[in-house]
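All values derive from a computational prediction rather than experimental measurement. Scope of the values below: all heavy atoms of this structure, side chains included, with no hydrogens, waters or symmetry mates.
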Amino acid sequence: MTGAGFILAINLFMAGLFAASFGIVVLYDRRRQAARWFAFSYAVGMSTILFEFAIATLGASAILSLAAFGSFLAALAIFNIGVARNYSVPVPWLAMSILVPIALILCAFTLEMPRQSFTRMLAYQSPYFIMQAMAAGLVAQARRRKPLDNLLMVLLALSALQFLSKPFLFGAFGGAGNTPDLYITTSYAMFSQSMGTVFAMAIALMLLVILVRDVLFDADERSQTDSLSGLLNRGGFEMHAEKMLHDADKHGMPVSLVIADLDHFKSINDNFGHSAGDTVIVSFSTFLRSAMEPHHLTGRVGGEEFAVLLTGANLVSARLFAENARSAFSALAIEGLPPVKRVTASFGVAERGSGESIRDLMARADEALYIAKKSGRDCVKIAPRPERRWSDEHGAAVSLG
């Protein structure tokens with residue numbers, strides 16, 4: 001076996017390995033639609049290598065040459081679909097549907113041209129260049145890119161350029177052979193296959209790392225998210241809140257916390273069923289989400305208890321937020337409940353003291369909430385400053401209802 005033939009064998013093995021690897025990602029997380037396309041792309045890429053082996057073994061024919069060219073172009077197009085799906089950008093269907101037939105027609109015409117022709121080589125490699133450049137452009141369109149995504153974009157751009165460089169380099173390696181079946185024996189084939197292997201492996205490995213990163217990130221997000229409400233659970237809320245408190249300290253911003261608890265929630269479950277209770281939870285969660293600003297944080301921190309962290313808000317602003325939320329939610333009709341049935345919530349509000357942790361802040365807001373519950377519910381109570389102490393005898397929360 002020649003050196004180029006050995007590289008082709010390695011390419012065949014690696015393409016199969018990557019197709020299987022992306023397939024395993026799909027089996028682990030069926031929501032990863034991009035991985036399906038990547039697996040399909042590398043599987044189609046295997047057929048390209050088999051066609052090249054067939055040309056070297058059986059001799060050249062127009063059908064085999066077109067099949068080898070077309071299958072690799074198809075693999076790149078399928079790859080682009082996967083990239084678009086992974087980064088939630090539009091698939092360039094029109095551009096690819098125009099490029100593929102034009103490229104196949106050009107390839108058919110170039111088969112009659114001298115194999116050492118620069119024009120022939122440029123016409124042959126240019127569609128590959130354009131298709132791979134599209135992939136880099138798709139990553140560039142992503143709204144949010146992390147360092148690994150930027151590195152993938154660079155690799156795709158370099159891979160595109162290596163296709164474009166081949167017409168300029170093949171002469172330096174003695175050409176591509178006088179006949180298609182001799183191509184595999186040339187130094188140029190060795191160089192071309194080696195360079196293609198390096199980029200194919202680097203891109204595939206980078207994609208696998210990115211997919212695994214995203215899978216782990218989603219798993220972490222799910223572990224911090226309450227499945228019913230879609231809000232952060234208590235652990236997720238506290239973790240994110242501590243980060244926000246740290247940022248607030250750096251910028252000297254006030255921070256306030258609102259704790260809300262649905263009133264008489266047990267009676268809703270008892271009288272209307274747990275399905276109705278779940279609907280109330282979802283309705284209140286949706287309501288809170290709609291009332292939030294981008295710099296706010298909310299979570300379901302208990303069965304029917306919710307927390308909203310307001311960065312940049314002092315006690316007055318937080319109290320106003322809570323009063324507006326209390327009034328607006330109590331006026332909402334809840335699906336699954338009688339039209340005349342309204343659900344209310346009680347609120348406790350606390351402004352963060354200097355250096356106070358999120359748990360300390362939540363404890364003070366909870367005390368204010370407790371007073372709101374004792375005061376008849378459907379009201380807002382605020383906690384005093386941390387340096388002031390509660391008076392159990394007089395219930396020293398301030399009523400703002």
[Y] backbone acceptor or donor facing [X] side chain under 3.5 Å:
X: Ser47; Y: Ala43; value: no
X: Asn271; Y: Ser267; value: yes
X: His296; Y: Glu293; value: yes

Look at Glu367 together with Arg364 and state whether they make a salt bridge at an N to O cut-off of under 4.0 Å.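 Here Glu367 does not pair with Arg364 in a salt bridge, since their nearest N and O are not under 4.0 Å apart.
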Is the closest basic N to carboxylate O distance between Glu305 and Arg300 below 4.0 Å?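 Result for this pair is no, no salt bridge flagged.
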Identify all side-chain donor-acceptor contacts of residues 83-102 below 3.5 Å with residues at least two apart in sequence or on another chain.
unit_1 : atom_1 : unit_2 : atom_2 : d
Tyr87  : OH     : Asp149 : OD1    : 2.6
Ser97  : OG     : Trp93  : O      : 3.0
Ser97  : OG     : Leu94  : O      : 2.8

Scan for side-chain hydrogen bond (donor to acceptor under 3.5 Å, both in side chains) pairs involving residues 339-354, sequence neighbours excluded, and state none if there are none.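 Sorted result for residues 339-354: Asp249-Arg352, Asp263-Thr344, Asp263-Ser346, Glu351-Arg385.
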Within-4.5 Å side-chain heavy-atom neighbours: Arg213 and Ile210: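 Touching, per the 4.5 Å side-chain cut-off.
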Close side-chain approach of Arg32 and Arg36, heavy atoms under 4.5 Å: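 A side-chain contact is absent here, since even the closest heavy-atom pair is not under 4.5 Å.
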Give the ring-plane orientation class for Phe38 versus Phe22, where under 30° counts as parallel, over 60° as perpendicular and anything between as tilted.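 Phe38 and Phe22: tilted rings.
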Angle between ring planes, Phe284 versus Phe306, binned at 30° and 60°: parallel, tilted or perpendicular?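 Perpendicular.
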Once side chain to side chain donor-acceptor pair (under 3.5 Å) is applied, do any residues pair with Lys266, and if so which ones, sequence neighbours excluded?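 Per chain and number, Lys266 pairs via side chain to side chain donor-acceptor pair (under 3.5 Å) with Asp270.
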Search all heavy atoms of [X] against all heavy atoms of [Y] and return the closest pair with its distance.
X: Asn233; Y: Gly236; answer: OD1-N, 2.8 Å
X: Thr311; Y: His295; answer: OG1-O, 2.7 Å
X: Leu73; Y: Ala103; answer: CD2-CB, 3.6 Å

Distance-only donor-acceptor hits, side chain of residues 128-143, under 3.5 Å, sequence neighbours excluded:
unit_1 : atom_1 : unit_2 : atom_2 : d
Tyr128 : OH     : Phe69  : O      : 3.4
Gln132 : OE1    : Ser159 : OG     : 2.8

Distance-only donor-acceptor pairs under 3.5 Å for side chains of residues 255-262, two or more places apart:
unit_1 : atom_1 : unit_2 : atom_2 : d
Ser256 : OG     : Ala313 : O      : 2.8
Ser256 : OG     : Asn314 : O      : 3.2
Asp261 : OD2    : Lys373 : NZ     : 2.7

Test log, rule side-chain hydrogen bond (donor to acceptor under 3.5 Å, both in side chains), inputs Ser275 and Asp278: CA-CA 5 Å; Ser275 177; Asp278 288 347; 5.9 Å; no
Flag yes if more than 12 heavy atoms outside Leu27 fall under 6.0 Å of its CG atom; otherwise flag no.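 Enclosed.
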Checking Arg144 now: which residues fulfil salt bridge (charged side-chain N to carboxylate O under 4.0 Å, His left out) with it, not counting sequence neighbours?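 For Arg144 there are no salt bridge (charged side-chain N to carboxylate O under 4.0 Å, His left out) partners, ignoring immediate neighbours.
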Does either side chain, that of Ser229 or that of Asp226, offer a donor lying less than 3.5 Å from an acceptor on the other one?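 Their side chains do contain a donor-acceptor pair, which is all the 3.5 Å distance test asks for.
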Apply side-chain contact (heavy atoms from CB on, under 4.5 Å) to Phe18 and Leu208, showing your working. CA-CA 9 Å; Phe18 287 130; Leu208 283 171; 4.0 Å; yes
Quick one: CE on Met362 to CG on Leu369, what's the gap to the nearest 0.5 Å?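 Separation between the atoms: 11.0 Å.
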Would Lys381 count as a cation-pi partner of Tyr370, with NZ or CZ less than 6.0 Å from the six-membered ring centre and within 45° of the ring normal?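 The answer is no; the distance or angle limit is not met.
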